[in-house]
Amino acid sequence: MAQATTAPVQDTHGHDTHGHHDEGWFKKYFWSTDHKMIAKQYLWTSIFMAVVGGLMAYVFRMQLAFPGIEVPGFGLVSPGEYNALITNHGSIMIFWVAMPMLIAAWGNFLIPLMIGADDMVFPRINRLSFQIFLISAILILASLFVQGGGFGGAWTSYPPLSANPEYNLTGLGASIWLIAVALEFVAFLLGGINFIVTLMNSRAPGMKAYDIPVTVWMIVIASILFMLSVGPLIAGAIMLLFDQTLNTGFYDPARGGDPILWQHLFWFFGHPEVYVVLLPAIGFVIDIIATFARKKLFGYKIMVYTAVATAVLSFFVWAHHQFIAGIDPRMANVFTVTTLLISVPIAELLFVIIATLYGGSIKFTTPMLWALSFVATFLIGGVTGIFLGASGSDIYLHDTYFVLAHFHYTFFPIAIIGGFAAFTYWFPKMFGTMLDETLGKIHFWGTVIPFQFIFIPLFALGLGGQHRRIYNFQNFPELASMQPLRVTATLALIVMILFQLVFFWNLFRSLRSKEKAPMNPWKANTLEWTTPSPPPHGNWPPDQMPKVYRGPYEYSVPDRDTDYWPQNEPS
Amino acid sequence: MEHALESTVQERPEPREGEKLLPDGVLGMILFIFTEAMLFAGFISAFVIVKSQAAGQMWPPFGQPRLPVEETAVNTAALLVSGLVLGFAQFAFRRSARQAVLPFAVSIFLGLFFVGFQGVEWAQLLGQGLTLQSSTYGAFFYLIVGAHAIHAVGALAALVWAWFRLRDDDLGQSAFTTVQLFWYFVVLLWPILYWKVYLA
């Protein structure tokens with residue numbers, strides 16, 4: 001193909017310091033070790049996977065609202081397909097959208113730029129990380145088309161259903177699903193090591209611990225949390241894979257195994273995982289809010305300590321997912337207390353944000369709108385979590401749509417709202433052009449308003465006793481009468497999906513735009529805004545590597561001409 | 001009010017390049033080892049839970065062979081000595097790379113002996129009817145010891161790579177420490193596994 005003409009060579013992204021400019025298309029995109037290139041690849045992959053996951057939601061929501069119809073663009077949904085769709089929707093949205101977008105894409109892009117480094121410390125491991133991730137993404141998509149169809153045992157994959165092909169009827173799909181998830185963890189493990197070492201060893205001269213932007217703190221704390229929690233899950237996944245393929249009996253009670261064991265291993269990872277994706281999103285939101293409130297961040301140190309406290313506490317809450325799995329009621333009491341305790345640091349983070357806003361001169365740009373809506377939406381998610389963390393009410397609400405609405409009210413702000421906040425804020429730096437503000441605001445309202453119409457009805461359905469993972473509610477007379485709520489949710493979802501076209505149109509326009517973005521369009525302080533947009537190879541010209549003179553949030557300092565004070569500006 | 005705001009911005013000396021707490025490779029390896037330790041913690045806790053629920057508290061379960069505790073004690077000693085010798089190699093390396101070549105090779109040899117001995121032991125146990133499918137006892141044995149063996153082989157490959165670099169006097173201090181840390185992880189993990197799987 002026309003490789004030579006399609007590959008722009010004015011700015012080589014390869015990590016070759018000898019000025020080797022004529023590398024081919026394949027080498028440039030598949031072997032580049034530049035952190036910005038890898039970040040973009042993670043970003044595009046996760047956006048693609050988000051579209052796939054969103055369309056899956058469309059198909060099964062149509063089946064729920066209008067049971068038995070031919071879903072436009074898909075056709076009839078069989079019960080097996082329905083199960084495969086909900087399972088893979090959940091898996092994809094968490095492991096192939098939230099994690100790569102929030103941690104891998106923005107972590108790769110922002111960590112070196114925000115701490116004034118020319119690249120990650122292990123660029124080749126970084127490249128390997130993306131390649132493994134890409135293989136895992138291809139595998140999960142391929143698993144939908146193998147014999148028997150995709151895995152349908154829910155994203156939590158509880159044995160014995162998931163362990164035995166005779167029960168789940170998707171032997172191959174289940175194994176490929178598991179291998180894909182395990183590979184994805186390996187990819188993030190490599191990425192996480194890179195992030196932590198880079199932050200510890202490659203900071204710009206003068207950057208002390210409390211000069212590190214909050215986003216970087218949060219991504220790195222999340223990486224540590226991920227690395228400490230993922231080991232037991234990988235152990236459990238290997239055992240599950242052995243059960244599926246080698247006919248061992250780790251989770252088979254008839255052969256001396258224990259199915260609850262998987263639940264412990266899964267949720268020991270699974271609950272910290274919530275904070276693994278939450279912390280980076282909170283980091284973006286805090287950075288954006290400080291910039292657009294034009295005010296010094298309230299309680300910087302408190303916030304870093306709070307994030308660490310959240311991370312530590314999150315290791316002691318996992319069994320709240322198992323209140324009805326037959327665990328000892330005394331243990332349920334302990335886990336209720338720890339679970340409710342974790343709302344204290346999270347509330348603290350939200351108060352820090354509100355206190356930062358107080359008295360600021362707020363600018364309602366698109367990224368700011370996303371950031372503010374994160375706070376409002378996540379608050380609903382957090383408050384509804386109290387009912388699920390308390391074992392008494394959870395026994396009634398467990399596995400109903402209340403749970404489902406609750407975690408969508410947390411994951412949607414984290415992955416989608418947080419993702420769009422970061423995307424609209426750092427887009428000029430990443431791609432060198434500005435997004436359109438009007439289209440951005442139309443897209444914002446068109447996403448956030450339908451979202452409430454999807455999930456508030458689902459809270460009501462859950463309180464009405466509607467169980468998750470049921471293919472057709474018309475078979476249950478006492479649930480059938482709530483059909484209008486299901487229809488409302490589905491119609492709102494369709495509206496929300498249609499408004500995403502505005503985003504893609506905006507993106508397309510801006511990527512083709514000739515108008516260059518300025519170096520610092522938002523007048524922010526952090527280091528990534530002190531290099532051209534997009535940053536050159538090596539991030540700064542070699543003789544202009546930044547030095548740091550102050551913290552990242554010195555906005556509106558009295559007696560200065562400008563209301564911002566970049567970190568690298570000598571006083 | 002104004003005073004309070006101004007006092008937050010302190011004058012600082014001209015920024016200088018910070019010192020690295022640990023070299024990149026060593027720090028990366030330490031983080032990796034933490035994750036690996038959690039992986040084995042997962043295996044061990046799963047094993048302990050399943051064992052505690054064994055039917056009739058019979059462990060090993062009825063009809064399953066006893067593990068070769070005595071032979072493995074010898075093998076454990078070989079592995080520990082291997083780690084010790086690698087420590088000597090590190091001390092010698094600080095004086096000159098030449099002096100480290102021999103102890104390094106001895107350490108690799110002892111590591112290979114350990115892995116080979118394990119292989120012989122597995123062959124015997126398989127012959128006695130202990131397999132992945134025969135019981136959770138067998139499944140956990142091969143899972144945990146096998147996971148350790150894979151790490152041992154990986155670490156030995158790294159050691160062999162480092163030995164060739166060492167022989168050509170091309171091995172840096174931090175690369176040496178990095179592979180040494182990984183081998184120490186394998187060496188020090190083993191007594192814990194021996195205690196939990198073979199003895200307890």
Side-chain angles (χ1 to χ4, degrees), chain A residues 121-122 125 189-190 192-194 196-198 200-208 223-224 226-236 238-239 242-243 246-250 252-253 255-258 260-262 264-265 268-269 296 547-551 554 556-559 565 568 570-571, chain B residues 1-6 8-32 34-47 49-55 58-59 61 131-140 142-144 146-147:
Chain A
V121 292
F122 305 121
I125 288 184
L189 206 58
L190 298 175
I193 292 175
N194 227 334
I196 300 166
V197 177
T198 304
M200 288 183 74
N201 279 356
S202 294
R203 295 195 304 277
M207 182 175 266
K208 301 195 177 100
S223 300
I224 296 172
F226 175 80
M227 292 178 54
L228 288 179
S229 64
V230 78
L233 179 61
I234 292 182
I238 293 170
M239 285 155 63
F242 275 28
D243 270 11
L246 299 175
N247 192 26
T248 53
F250 290 118
D252 185 353
R255 297 167 60 190
D258 181 3
I260 304 291
L261 184 60
W262 165 264
H264 284 293
L265 293 172
F268 183 80
F269 160 82
K296 191 181 168 94
K547 290 179 177 176
V548 172
Y549 292 85
R550 66 189 59 77
E554 300 298 342
S556 305
V557 176
D559 305 326
W565 201 357
N568 68 336
S571 30
Chain B
M1 185 67 195
E2 198 149 290
H3 179 75
L5 271 172
E6 267 177 309
T8 61
V9 185
Q10 290 155 354
E11 283 295 316
R12 289 195 189 170
E14 182 64 19
R16 276 177 300 144
E17 198 72 53
E19 269 183 35
K20 288 183 179 182
L21 193 64
L22 287 168
D24 296 341
V26 175
L27 185 56
M29 181 52 75
I30 290 173
L31 294 168
F32 181 65
F34 269 114
T35 312
E36 292 280 53
M38 288 304 286
L39 173 77
F40 280 94
F43 282 138
I44 288 289
S45 52
F47 173 67
I49 289 170
V50 168
K51 186 178 154 187
S52 72
Q53 296 168 349
M58 273 266 286
W59 201 263
T131 66
L132 269 173
Q133 289 84 19
S134 67
S135 64
T136 48
Y137 175 67
F140 270 112
Y142 289 112
L143 178 76
I144 296 174

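Reminder, nothing fancy here: chain letters follow the sequence lines and each chain counts from 1.
- A pairwise comparison of heavy atoms in Val548(A) and Arg12(B) identifies O-NH1, 4.4 Å as the closest pair.
- Put simply, of Asn247(A), Ile260(A), Ile234(A), the one with the most heavy-atom pairs under 4.5 Å next to chain B is Asn247(A).
- Using a 4.5 Å cut-off between heavy atoms, Ile30(B) does not touch chain A at all.
- For chain A, the nearby parts of Leu132(B) are the backbone and the side chain; heavy atoms of each come within less than 4.5 Å.
- Interface remark: Pro13(B) contributes no atoms to any contact with chain A (heavy atom separation under 4.5 Å).
- Residue Val230(A) touches chain B through its side chain alone, counting heavy-atom pairs closer than 4.5 Å.
- Here Ile144(B) contributes atom CD1 and Ile238(A) contributes atom CD1; the two are 11.0 Å apart, rounded to the nearest 0.5 Å.
- The distance from atom CZ of Phe34(B) to atom CD1 of Ile196(A), rounded to the nearest 0.5 Å, is 10.5 Å.
- Both the backbone and the side chain of Met227(A) come within less than 4.5 Å of a heavy atom of chain B.
- In this structure, the portion of Phe242(A) lying under 4.5 Å from any heavy atom of chain B is its side chain and not its backbone.
- For Leu261(A), the part lying under 4.5 angstrom from a heavy atom of chain B is the side chain only.
- For the atom pair Asn201(A) CG and Lys20(B) NZ, the distance stands at 5.0 Å (nearest 0.5 Å).
- Contact annotation for Glu17(B): both backbone and side-chain heavy atoms come within less than 4.5 Å of a heavy atom of chain A.
- Counting heavy-atom pairs closer than 4.5 Å to chain A, the top residue among Gly138(B), Ala41(B), Gly42(B), Ala37(B) is Gly42(B).
- Summarising the geometry of Leu228(A) relative to Met38(B), their closest heavy-atom pair is O-CE, 3.1 Å, with the distance given to 0.1 Å.
- Interatomic distance, NZ of Lys547(A) versus CD of Glu14(B), reported as 4.5 Å (0.5 Å rounding).
- In terms of heavy-atom pairs under 4.5 angstrom with chain A, the leader among Thr136(B), Leu22(B), Thr131(B) is Thr136(B).
- Note on Leu246(A), Leu265(A), Leu190(A): by heavy-atom pairs under 4.5 Å with chain B, the leading option is Leu246(A).
- Here the closest heavy-atom approach between residue Pro15(B) and residue Pro205(A) is recorded as CB-O, 3.4 Å.
- Proximity to chain A involves both the backbone and the side chain of Ala46(B), based on heavy atoms less than 4.5 angstrom apart.
- Residue Ala139(B) touches chain A through both its backbone and its side chain, counting heavy-atom pairs closer than 4.5 Å.
- The minimum heavy-atom distance between Leu143(B) and Phe250(A), with the atom names listed, is CD2-CZ, 3.8 Å.
- Of the inter-residue distances, the one linking Met239(A) atom CE with Phe140(B) atom CZ reads 4.0 Å to the nearest 0.5 angstrom.
- For Leu189(A), the part lying under 4.5 angstrom from a heavy atom of chain B is the side chain only.
- Ile193(A) touches chain B through backbone and side chain together, each having a heavy atom under 4.5 Å away.
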